[in-house]
Amino acid sequence: QVQVVESGGGLVQPGGSLRLSCSASGVTLDQYAIGWFQQAPGKEREGVSCISASGDSTLYRDSVKGRFTISRDNAKNTVYLQMNNLEPEDTAVYYCATVFAPFQTSWCERESYFYKHWGQGTQVTVSS
């Protein structure tokens with residue numbers, strides 16, 4: 001059984017940084033593409049970033065380009081989302097999700113319907 005767990009959320013002032021982590025049990029993530037999603041209050045869940053199984057392909061939503069960086073450490077079975085220069089508009093619950101992609105190691109997408117296993121989310125609040 002695949003379990004996905006996010007961590008690293010919290011309260012941060014505008015301009016601050018956080019690093020979110022996504023880990024999984026029951027699978028080794030090196031054959032999985034990983035997506036990070038955010039859901040703000042009253043809004044639909046949106047894709048923020050994704051990384052391919054091999055780590056050589058990444059995608060970002062325009063509003064986070066240059067501020068967020070997705071990376072993976074397959075030896076630690078963990079994917080990270082480094083978030084810098086945070087803005088109040090980044091306030092949301094952040095979710096990590098995985099999709100098995102052993103034959104498309106350079107593929108990822110930011111659309112949620114591609115992903116099968118989801119974590120419970122971690123709250124990020126950007127406020128002074």
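Computed over heavy atoms, backbone and side chain alike; hydrogens, waters and symmetry mates excluded.
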Does atom CD of Gln123 have more than 12 heavy-atom neighbours, drawn from other residues, nucleotides or ligands, at distances under 6.0 Å? yes

The test is side chain to side chain donor-acceptor pair (under 3.5 Å); show your working for Ser17 and Asn84 and say whether it passes. CA-CA 4 Å; Ser17 298; Asn84 297 330; 2.9 Å; yes

Could Arg72 and Tyr80 be counted as a cation-pi pair, given that NZ or CZ must be under 6.0 Å from the ring centre and within 45° of the axis? no

Can you find a heavy atom in the side chain of Val27 that is under 4.5 Å from one in the side chain of Thr98? no

Kindly indicate whether the side chain of Cys96, heavy atoms from C-beta on, has any atom under 4.5 Å from the side chain of Ile34. yes

Tell me if the aromatic rings of Phe68 and Trp36 count as close, with their centers under 6.0 Å from one another. no

Answer yes or no: is there a side-chain heavy-atom contact under 4.5 Å between Gln38 and Arg61? yes

Less than 6.0 Å separating the ring centroids of Tyr32 and Phe100? yes

Kindly indicate whether the side chain of Tyr95, heavy atoms from C-beta on, has any atom under 4.5 Å from the side chain of Glu6. yes

Any residue meeting side chain to side chain contact (heavy atoms under 4.5 Å, CB included) with Glu87, in chain and number order, not counting sequence neighbours: Arg67, Glu89, Asp90

Please table the atom pairs, donor to acceptor, closer than 3.5 Å between any side-chain atom in residues 19-26 and protein atoms at least two apart or in another chain.
none

Minimal non-hydrogen separation, Ser49 against Leu81, with atom names: CB-CD1, 4.2 Å

Closest approach of Val124 and Met83, non-hydrogen atoms and distance? CG2-CE, 3.8 Å

For residues 102-114, tabulate all N or O donor-acceptor pairs below 3.5 Å that involve a side-chain atom, not counting sequence neighbours.
residue	atom	partner	partner atom	Å
Ser106	OG	Asp56	OD1	3.1
Ser106	OG	Asp56	OD2	2.9
Arg110	NH1	Gly47	O	3.0

Do Val93 and Thr122 have side chains that get closer than 4.5 Å, going by heavy atoms? no

Would Tyr115 end up clustered with Val2 when hydrophobic side chains under 4.5 Å apart are linked, directly or stepwise? no

Quick one: CD1 on Ile70 to CG on Leu59, what's the gap to the nearest 0.5 Å? 9.0 Å

Non-hydrogen atoms of Thr91 and Val126 that approach each other most closely: OG1-N, 2.9 Å

So Phe37 and Trp118, would you call those rings parallel, tilted or perpendicular, with 30° and 60° as cut-offs? tilted

Count I, L, V, M, F, W, Y as connected when their side-chain heavy atoms are under 4.5 Å apart, and connections chain through other members. Are Ile51 and Leu29 then in the same cluster? yes

Is a donor on one side and an acceptor on the other found under 3.5 Å between the side chain of Asp30 and the backbone of Asn74? no

Group every Ile, Leu, Val, Met, Phe, Trp and Tyr by side-chain heavy-atom contacts under 4.5 Å, then state whether Tyr94 and Tyr60 land in the same group. yes

Under 3.5 Å: donor-acceptor pair, side chain of Ser127, backbone of Thr125: no

Over all heavy atoms of both residues, which pair between Ala101 and Ala53 is shortest? Give the atoms and the distance, please. O-CB, 4.2 Å

